[in-house]
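Heads up, the thing below is written out as structure tokens.
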Amino acid sequence: MNRQNVYKILKERGFVKQVTDEDAVFDAFKKKQATVYVGYDPTASSLHVGNLMGLMALAHVQRAGHLPIAVIGDGTTMIGDPSGKTELRKMLSRENIAANATKIKSQISCYFRIDNKAGFAVHNADWLLSLNHVDFLREIGRHFSVNRMLTAEAYKIRMETGLSFLEFNYQILQAFDFLKLYQSHHCTVQMGGDDQWGNIIAGTDLVRRVEGARVEGITWPLLTTANGQKMGKTAKGAVWLDGGLTSPYEYYQFWINCDDRDVSRFLAYFTFLPMKQIGELSKYEGADIREAKAVLAFEATKITHGEAEALKARAASQSAFGDSEQDISSIPATHISIEKIKDGVYLSDVFAEVGLTKSKGEARRLIKQGGAYINQDKIEDIESKLDAKDFVDNSIMLRAGKKRYHRLLLA
RNA sequence: GGAGAGGUACCCGAGUGGCCAAAGGGAACAGACUGUAAAUCUGUCGGCAUAGCCUUCGGAGGUUCGAAUCCUCCCCUCUCCA
């Protein structure tokens with residue numbers, strides 16, 4: 001079998017920012033099977049689009065026949081990674097972390113197989129929580145130079161604002177993870193976001209010191225949008241991979257609303273389309289770029305939510321923004337009882353209730369500014385009420401601004 | 001433990017007795033222009049059936065006709081010293 005070296009694929013798709021040693025990494029992937037790990041901290045009950053880089057990177061690794069390991073950082077999260085953070089993160093309880101870890105693990109399995117054969121998911125709590133402090137310091141701690149750690153770029157901000165001893169240890173534990181995985185799974189490559197560079201290097205150094213073996217690290221660029229914004233934040237907060245937190249429709253909309261300048265990068269990162277096809281899509285200009293965005297949105301949604309949901313989301317999106325009547329079932333909906341609207345309900349109240357606006361006041365403002373629509377008709381009067389006559393086939397389409405839709409169903 | 005500085009809305013940050021629901025900036029939202037993009041311009045930006053009322057300037061009390069602003073106690077953060 002003459003397969004392409006996965007490092008080449010990763011590089012071509014833009015996943016490589018820093019590497020410990022390009023040739024060594026290339027050689028590592030020449031082997032029949034290399035083992036690669038990426039860590040995920042269960043700080044929330046779902047991963048978000050910011051975590052996609054690592055998931056996609058590991059998926060490429062598995063597709064190339066190598067072994068991906070997702071390390072669930074339920075041990076390290078007890079501490080909290082200070083890298084790139086300006087202040088101490090809120091401490092999470094152990095139960096909280098455990099619950100998050102379970103959910104995140106099942107999410108990861110959407111991107112690559114973790115069947116303990118073609119891929120693994122391990123919990124670092126398994127080896128971190130039982131450590132004996134003094135033994136650990138003697139065996140591992142002696143390999144770390146405080147002087148050196150303090151010069152790390154990731155800690156620079158924290159040297160100004162303060163860094164607790166707790167967080168200072170994070171790097172050591174992450175380095176220990178790498179050592180453990182080298183020993184148990186012969187894992188020789190760690191990947192992570194560029195803010196993880198210091199932690200990754202600490203790991204490669206530790207493995208060299210303890211085992212006398214060379215292991216490698218790769219970082220991918222930290223994702224920002226062309227606007228300089230952190231990736232994956234919207235008005236509603238993070239864009240989650242969990243369909244319950246961010247519906248497939250909203251997920252689809254997130255991608256289709258991306259900046260023109262991001263489209264070709266994102267196609268390479270967040271779809272499995274061949275680079276040749278991405279090159280074709282990148283040639284679109286002006287309004288035609290929407291075509292490329294539609295491909296991006298569909299492919300990205302398909303990977304996270306499956307093809308059926310992606311098709312539904314696409315149909316709903318086309319229906320809302322185009323003129324064709326299609327399947328709108330994936331546009332968010334709320335049920336409302338007949339009794340409730342019998343006497344008429346203020347539309348401003350309805351908008352607030354279904355979450356299109358945060359408060360009734362905001363809904364009133366929206367109407368005043370001409371941004372509220374009901375079944376594609378602009379609502380002119382703040383005092384407008386909703387009644388049964390407005391329902392067509394027992395449903396109403398509400399719209400806030402140009403892009404946010406919500407269906408109201410008569411129950 | 002000692003000395004000093006500070007904690008203001010989503011974030012940064014002004015305000016040191018009434019003119020304060022609190023300047024300014026950023027973010028965000030809406031409108032215009034567009035292509036479900038960007039940029040630009042305009043408006044909005046605590047809650048409430050809204051020319052009025054209610055809640056908010058770390059927390060709890062107090063002084064006052066009136067407190068983000070003054071006093072007391074407490075909590076937290078930072079800097080220097082130990």
Side-chain angles (χ1 to χ4, degrees), chain A residues 82 85-91 157-164 166-167 224-239 249-267 281-282 284-298 300-301 313-324 326 328 330-332 343-353 355-374 376 378-386 397-406:
Chain A
K85 306 270 179 338
T86 49
E87 53 194 34
L88 179 66
R89 192 157 36 189
K90 213 172 73 198
M91 288 235 250
I157 327 163
R158 300 304 296 276
M159 293 311 291
E160 314 271 327
T161 60
L163 175 70
S164 72
L166 173 81
E167 296 171 283
T224 49
T225 65
N227 249 331
Q229 298 287 312
K230 215 178 194 172
M231 179 77 186
K233 297 284 181 196
T234 65
K236 278 184 166 172
V239 177
Y249 171 76
E250 291 166 307
Y251 192 78
Y252 182 93
Q253 287 300 311
F254 167 76
W255 293 107
I256 210 159
N257 278 316
C258 80
D259 194 296
D260 282 11
R261 293 165 291 180
D262 291 324
V263 180
S264 54
R265 268 196 315 148
F266 285 3
L267 281 165
L281 289 167
S282 302
Y284 286 121
E285 278 179 29
D288 293 337
I289 291 176
R290 280 177 305 163
E291 304 290 329
K293 286 184 184 178
V295 174
L296 168 67
F298 179 74
T301 309
R314 182 168 67 184
S317 178
Q318 284 172 352
S319 172
F321 294 96
D323 31 31
S324 57
Q326 297 195 45
I328 54 168
S330 70
I331 289 178
D343 309 318
V345 187
Y346 282 101
L347 279 163
S348 52
D349 293 4
V350 175
F351 271 74
E353 205 157 301
L356 281 172
T357 59
K358 282 201 208 77
S359 66
K360 294 177 192 177
E362 197 177 307
R364 289 170 151 266
R365 262 178 250 131
L366 184 73
I367 295 170
K368 217 182 291 174
Q369 293 181 130
Y373 291 79
I374 172 168
Q376 301 305 337
K378 190 191 274 185
I379 301 169
E380 306 283 354
D381 187 5
I382 298 177
E383 306 287 318
S384 296
K385 284 187 173 184
L386 176 78
M397 183 70 83
L398 302 173
R399 186 176 127 205
K402 269 175 285 194
K403 299 180 202 165
R404 283 149 48 231
Y405 286 85
H406 198 101

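Chain letters run A, B, ... following the sequence lines, proteins first and then strands; every chain starts at 1.
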Whole-angstrom distance between B:rA14 and B:rG26, as gauged at atom C1'
15 Å
What integer number of Å spans the P atoms of B:rA68 and B:rA21?
9 Å
For A:F351, all residues meeting ring-ring contact (aromatic ring centres under 6.0 Å, His included), sequence neighbours excluded:
none
What is the distance, rounded to the nearest whole Å, between atom CG of A:D259 and atom P of B:rA38?
6 Å
Hits for side chain to side chain contact (heavy atoms under 4.5 Å, CB included) against A:Y373, two or more places apart or cross-chain, chain-then-number order -> A:K378, A:R399
For A:S348, does its backbone N or O pair with a side-chain atom of A:R364 as donor and acceptor, under 3.5 Å?
no
Could you tell me which nucleotide pairs with B:rA30 by Watson-Crick or G-U wobble geometry, both distances under 3.5 Å, or answer none if nothing does?
B:rU42
Classify the nucleic acid contact of A:S317 as base, sugar-phosphate or nothing, counting any heavy atom under 4.0 Å across all strands shown.
base
Winner on side-chain proximity to A:K293, out of B:rA37, B:rC29, B:rU36, is B:rA37
Between B:rG35 and A:D260, counting only base atoms on the nucleotide and side-chain atoms on the residue, is there a donor-acceptor pair under 3.5 Å?
yes
If pairing means Watson-Crick or G-U wobble with both distances under 3.5 Å, then the partner of B:rA37 is none
Approximate separation, where rounding is to 0.5 Å, of A:K385 NZ and A:I379 CD1:
14.5 Å
Could you state the CG-C1' distance from A:L296 to B:rG35, rounded to the nearest angstrom?
16 Å
What is the base-pairing partner of B:rA5, counting Watson-Crick and G-U wobble geometry with both distances under 3.5 Å?
B:rU77
Send over the distance from A:N257 CG to B:rU34 P, rounded to a whole Å.
19 Å
Given the P atoms of B:rU69 and B:rG58, what is the spacing between them in whole Å?
8 Å
Going by modelled atom types, is there a donor-acceptor pair between the base of B:rU50 and the side chain of A:K368 at under 3.5 Å?
no
Heavy atoms only, 4.0 Å cut-off, all strands: where does A:A372 land among base, sugar-phosphate and nothing?
nothing
Across all chains, not counting sequence neighbours, the side chain to side chain contact (heavy atoms under 4.5 Å, CB included) partners of A:N257 are A:Q253, A:K403
From NZ of A:K402 across to P of B:rU34 the rounded distance in Å is 10 Å
Categorize A:L366 for me: base, sugar-phosphate, or nothing, with a 4.0 angstrom heavy-atom threshold over every strand shown.
sugar-phosphate
Could you tell me whether the phosphate oxygens of B:rA30, OP1 or OP2, come under 4.0 Å of any side-chain nitrogen or oxygen in A:K378?
no
Using purine N1 to pyrimidine N3 plus N6-O4 or O6-N4 for Watson-Crick, or N1-O2 and O6-N3 for G-U wobble, both under 3.5 Å, which nucleotide pairs with B:rG17?
none
Interatomic distance at P, B:rA28 relative to B:rC11, whole Å:
15 Å
Rounded to whole angstrom, note down the P distance from B:rU44 over to B:rC53.
22 Å
Watson-Crick or G-U wobble mate for B:rG24, both contacts under 3.5 Å
B:rC12
RNA chain B: A:A287 or A:R364, which has the more 5' nearest nucleotide?
A:A287
If pairing requires Watson-Crick or G-U wobble contacts with both distances under 3.5 Å, which nucleotide is the partner of B:rC48?
B:rG52
Short heteroatom pairs, N/O only, protein and nucleotides 40-47 of chain B, under 3.5 Å:
| residue | atom | partner | partner atom | Å |
| --- | --- | --- | --- | --- |
| B:rG43 | N2 | A:Q369 | OE1 | 3.0 |
| B:rG43 | N3 | A:Q369 | OE1 | 3.3 |
| B:rU44 | O4' | A:Q369 | OE1 | 3.4 |
| B:rG47 | OP1 | A:S359 | OG | 2.7 |
| B:rG47 | OP2 | A:R365 | NH2 | 2.9 |

Heavy-atom donor-acceptor pair, A:Y405 side chain to A:A320 backbone, under 3.5 Å:
yes
Expressed in whole Å, how much space separates the C1' atoms belonging to B:rC10 and B:rA27?
8 Å
Without decimals, in angstroms, what is the distance between A:R399 CZ and B:rA30 C1'?
12 Å
Salt bridge (charged side-chain N to carboxylate O under 4.0 Å, His left out) against A:E353, all qualifying residues, sequence neighbours excluded:
A:K340
Donor-acceptor under 3.5 Å (A:K368 side chain, A:I382 main chain):
no
May I have the distance from A:E285 (atom CD) to B:rA37 (atom P), rounded to whole angstrom?
19 Å
Using purine N1 to pyrimidine N3 plus N6-O4 or O6-N4 for Watson-Crick, or N1-O2 and O6-N3 for G-U wobble, both under 3.5 Å, which nucleotide pairs with B:rG61?
B:rC71
When rounded to whole Å, the CD1 to P distance for the pair A:I367 and B:rU50 reads 15 Å
Please step through side-chain contact (heavy atoms from CB on, under 4.5 Å) for the pair A:K293 and A:D260, ending with a clear verdict.
CA-CA 8 Å; A:K293 286 184 184 178; A:D260 282 11; 2.8 Å; yes
Non-neighbouring partners of A:R290 that pass side chain to side chain contact (heavy atoms under 4.5 Å, CB included), sequence neighbours left out
A:A287
Could you say whether A:D349 or A:C258 is positioned toward the 5' end of RNA chain B, judged by the nucleotide with the nearest heavy atom to each?
A:C258
Atom pair distance, as rounded to whole Å: CZ in A:R261 and P in B:rA37
13 Å
B:rC75 and B:rG15: how far apart are their P atoms, nearest whole angstrom?
28 Å
C1' spacing across the pair B:rC78 / B:rC73, given as an integer number of angstrom
22 Å
